[in-house]
Structures are given as structure tokens and as C-alpha cells.
Asks: 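Sharing a structure, written as C-alpha cells. Questions coming.
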Amino acid sequence: MLDHLTIGLPHSAIAYLDGGTGSMILQIAMAGLLSAGYVIKTRWQHFKSFFVRKSDRQDG
Amino acid sequence: MTEPVRLGASFRDPSGFVFSRTGELLRQVNRPALEDLEELHKSGLYDELVGAHLLIPHERVDLSLAASPEATAVLRPEHVATISYPYEWCFSQWQDAALVTLDIHRRALAKGMALKDASAFNIQFHRGNPVLIDTLSLERYREGVPWVAYRQFCRHFLAPLALQAFVDPRLSAMLMNASLDGIPLDLASRLLPKKTRWMPGLLIHVHMHGKVENQSASVDTAKPKPKLVKTALLGLVDSLDKVIRNLHWEPKGTEWGDYYSDNNYTDAAMAEKHRLVDSMIDSISPEPTTLWDLGANTGEFSRVASAKGIRTVAWDIDPAAVELAYRAVRESGEVNLLPLRQDLMNPSPNLGWAERERDSFLSRGPVDAMMALALIHHLAIANNVPLIDIASYFSRVARWAIVEWVPKEDSQVKRLLASREDVFDGYHEAGFESAFATEFETIRKESIPGTSRILYLVRRCR
């Protein structure tokens, strides 16, 4: 499958490490899922913070 | 000024390298990394990480101390007392090192920076905490770029931890020793039990990752680059953090984990041994600053030394014992005690490129003093090492030694001899004393009341 995939990979002057083509592709493939997961998590935490009791709420 | 000597492990990153000069460890920063270093300070990330004990502090020193002309800055990092390697860590040490790596990357992303590598060898235990020692691993965040260290993180941290949790605690050390750049993900995938394929985190980051790790695609640099938004990177960190936190290993049932609850020491005898060890350490002159406790088990006696402010390492062969020792250190916040795994019959060798990247066990010494309590019979009887060779080896470890003589009448030795022929004619008190007299002078000799054991405080002759 991956043999036919051509992609532009990040190029960096100082990234001496070989990130691995396959690993980069996996990251890109999972990007949508990971991003959604993160956004949902932060929105949920933000939502929960509205229900914190007044006495627990930090000032300012 | 003396000649600088580049460290054997510091050659991969053109940003700079670590070298030693007159016994001092310095880090040279080359041109490409100067802006990253400045951003590290300007962004406040340096202060945040150092304040949270996540990054080794450094001070900037004179450029004239540089090792070569490409230098644009020279740093002097705080000295780490004992260098250790992942294959010497217990499960929790490795897990804490993993979580620290992710925490640093997450905090870096929040301040416009990122970790450009995620090697387990960049984490060292410093005054009780796992810290990042490679300051130049932090670079400015580049918009849209995937995390180049993702694969390294999975090989150095996730795969070894999963193998310890789901297969065997001894496995990762063996594999990491042989496969220095982390455990290959396809191998880890094959070794993990099938049930782990039903766990989303391991499915993605080990099993799927293992399948694509070695595949290559035709890379066309002219094509538009797919961008990875920051939330995806943060989501990746969160995902890895969750998988790592959900890995567990309980030290139960290994040979020595239950040692102290299952031996022939009465409470009174234990208290006496404590008193004697304490007193013998006080007899060492000049006062020792470093001490290695060989066969330290859960570090019960190592603590006698570390409580005095002596930088102490508690070495033991049993992963369960090291795990328990480390949990106790973490709980009590001790800064002078570092528990590590080591098999004295097959200690860590020199490894890596030119056999100079990772240092052998002995070469990380010698130290001022060592202890060998309840150890001698394991070397001499269980492993057939002649007493004279043991004495010779100990003399290479430290100048002073506290050694516990365990005679054949002792129940532990009887247990060792129960299923084998007693070929140890030279194994007796006089034999022990004459063997050690070849290298050491006996300064103190005290019987432990309530036992047949004797404690010796010896000092190397040379």
C-alpha cells in the first residue's frame, strides 16, 4: 500500500534524527483522530469547569 | 588548557556535543542551534523545566573553553552523580522517564518549542528525579511538521514498557542491551500477547506502527507537504501519555522480592547489623562521598549510607527488589539514593559505536566505598567464583569495603548447597580472610550477634 504513496516529508536542517517514513505516515494518517480526541478532551474540561462550586473556584 | 575529549556517545547531532576538559563536563553549542538555545531561555521554557525538575540546569561559560571553532556557546550542565542506562532501570524508573519525556514535549509545544528526539539515554536520574540532560534536544517548533521523535519514543519507551507489563520484566533490559536504539516495533508487536491488539493505544503505537516502521515510500520533496496541526501533536502526546500510564507491573513472587520477610534474621539481629553498618561507615576516613551497595536488594542498608548524605547506588539483580527500592525512594523524596539493576556475574559492558557510547559497570566507578552484605555466598557458592577473585574485583570497585562473611553454617548457604555437591573446601573464615588479605587490610571485624555472620571493614592496601 505504502509503495504507491508519494508524500512530501518535512525537511529540517537540524533534525538529525531519522523519523522513519512509515512513522511519519502513520502520524499523518492518525492526525485527524488525534486532533479530534484532543479537542474533545479540552472542550470537555472547559465545559466541566463551569460546574465547579463557588467555594472551589480560584479567584482571577 | 588541557585537550578536550569528546564524549563517546555525543556525535549524532550537528547542533553540538558534550566533551570533557580537566575533569569537567561541558556542552558545546554550534551555529545551527544557537537560536534554539536563545529561544529556550527567551520563551521561559528553560525556567519552567528547571523549576519543575525536568531539565538539567546549566550555566553559560566562556567561549574560549570550546572544543572546536564551530562553537557559538559553551554550557556547563550541573553534574549528574551516577550515569545509568535504561537496561539498568526498573519498570517504574523507565515509566517515569517516559512520562517526563512526554511532559517536556507537551510543555515545549505550549511555548513554541518541541523535542527533536526522544531517546531514553537522554534521561538521567538526578537527585531522585528523572531529568532531560540533552539541552539541545529542544528546538523551535516548526509549524505543521510531524513529531520526528515519535518512532524513537515508541522504541525507547513504549515498546519496552509494554513488554515488561505484558510479557516479562527481564525482557526489556535484555533487548535494549542488544538493540541500543530501542526495541524494534515489529519485534515488540510479535512478542506481545494477542489481547494487546484490542487496546487502542498499543494497537496504533506498537502493532500498526510495527507494520509500517520499516516500509519506505517514494518521497517526493516537490509535492505539497501535508500539515499536522498542533492539536494533532498534542493529541499524540496525550494518547502516548495515556497508554504509558495504563501499563502496570507489580513486583511479586520473584526470588528476592520477599527476601527480608523470609530469612533467618531476628529483629534484634537486624537492628544490630544496622548499628554495625552505620558505625563502620563512620569509621571510613576520609568520609566517603560515594558508595555502591552491591546486592542491595530493596536498599535497606543502602539507606544507612544515603541518610548520611553519601551519594549511594543500590545495585541488585532482581527487578522486583529494584522496583520496591525505587518506589520507596520516590515516596520519601530521597535525593542521595539511586536503585539500579545489575547482574554482577554479567555486568553492563561497553556498548555502542566504537564500544564507547555506553560505559561498562566498572568504568563508572571506582567509588569511595562499597558494601557487599549477604552477597559473598551468591558469588562464591552459587556462582563458583573463587574468593580471591572476588577480593580482586572488589578492590577495583572501591578503596573501602564493608563485607559480610556468610559461613557454611548459615541457613542461606545450606539452602544453596542442598541440591549440589560441596566442592568449596576453601570456603571458610580463614580462607575468606587470607583471600581478602591479598588486596585489603582488615580495619574492623565484628560478629553479628544472633547469627553466624561476621562484618568486616577493609581498606585497599594500594
Side-chain angles (χ1 to χ4, degrees), chain A, chain B residues 11-15 30 32-33 35-36 116-119 136-137 139-140 142 144-155 181 185 200 204-205 208-240 242:
Chain A
M1 171 186 87
L2 286 174
D3 294 336
H4 304 290
L5 191 68
T6 60
I7 55 166
L9 284 181
H11 171 73
S12 161
I14 330 170
Y16 72 92
L17 193 67
D18 174 10
T21 322
S23 304
M24 297 303 222
I25 293 172
L26 180 62
Q27 246 184 99
I28 291 162
M30 305 266 48
L33 199 70
L34 295 169
S35 188
Y38 182 75
V39 169
I40 289 169
K41 184 192 103 166
T42 45
R43 292 275 147 88
W44 175 246
Q45 282 175 355
H46 184 69
F47 175 73
K48 274 202 296 186
S49 72
F50 286 109
F51 296 92
V52 169
R53 278 202 303 268
K54 255 201 235 162
S55 56
D56 297 339
R57 204 187 281 269
Q58 282 191 328
D59 291 336
Chain B
F11 59 85
R12 291 185 173 82
D13 190 353
S15 301
N30 293 340
E35 277 105 32
D36 289 327
K116 69 182 181 193
D117 51 34
S119 163
L136 298 182
S137 288
E139 62 168 6
R140 284 161 297 163
R142 279 160 295 132
V145 171
W147 192 28
V148 70
Y150 171 53
R151 183 177 85 141
Q152 191 172 52
F153 182 84
C154 291
R155 289 174 64 117
D181 191 20
L185 298 174
I204 297 171
H205 302 303
M208 282 169 62
H209 202 171
K211 287 218 160 22
V212 302
E213 192 192 2
N214 296 323
Q215 290 192 25
S216 54
S218 50
V219 175
D220 185 348
T221 49
K223 280 213 148 166
K225 302 175 184 7
K227 291 207 181 309
L228 215 68
V229 291
K230 209 179 214 183
T231 48
L233 288 172
L234 290 166
L236 179 60
V237 172
D238 265 5
S239 173
L240 290 167
K242 191 153 154 228

Asks: Salt bridge between B:K116 and B:D36, side-chain N to carboxylate O under 4.0 Å?
Replies: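 Salt bridge absent between B:K116 and B:D36.
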Asks: Is there side-chain contact between A:L26 and B:H205, with heavy atoms separated by less than 4.5 Å?
Replies: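 The answer is no, as the side chains (C-beta and beyond) never meet within the 4.5 Å cut-off.
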Asks: Using heavy-atom distances under 4.5 Å, tell me whether B:D238 contacts chain A through its side chain, its backbone, both, or neither.
Replies: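 Contact with chain A: side chain only.
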Asks: So B:F153 and B:W147, would you call those rings parallel, tilted or perpendicular, with 30° and 60° as cut-offs?
Replies: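 Plane angle between 30° and 60°, so tilted.
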Asks: Side chains of B:I204 and B:H209, heavy atoms from C-beta outward: is any pair under 4.5 Å?
Replies: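 No, their side chains stay 4.5 Å or more apart.
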Asks: If you count heavy-atom pairs under 4.5 Å with chain B, which of A:G37, A:A36, A:S35, A:G19 comes out on top?
Replies: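 Maximum pair count with chain B is reached by A:S35.
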Asks: Between B:V237, B:V229, B:L234, which has the largest tally of heavy atom pairs under 4.5 Å with chain A?
Replies: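 Most heavy-atom pairs within the cutoff with chain A belong to B:L234.
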Asks: Quick check for you: among A:D18, A:L33, A:L34, which has the greatest number of heavy-atom pairs under 4.5 Å with chain B?
Replies: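 Between A:D18, A:L33, A:L34, the count favours A:L34.
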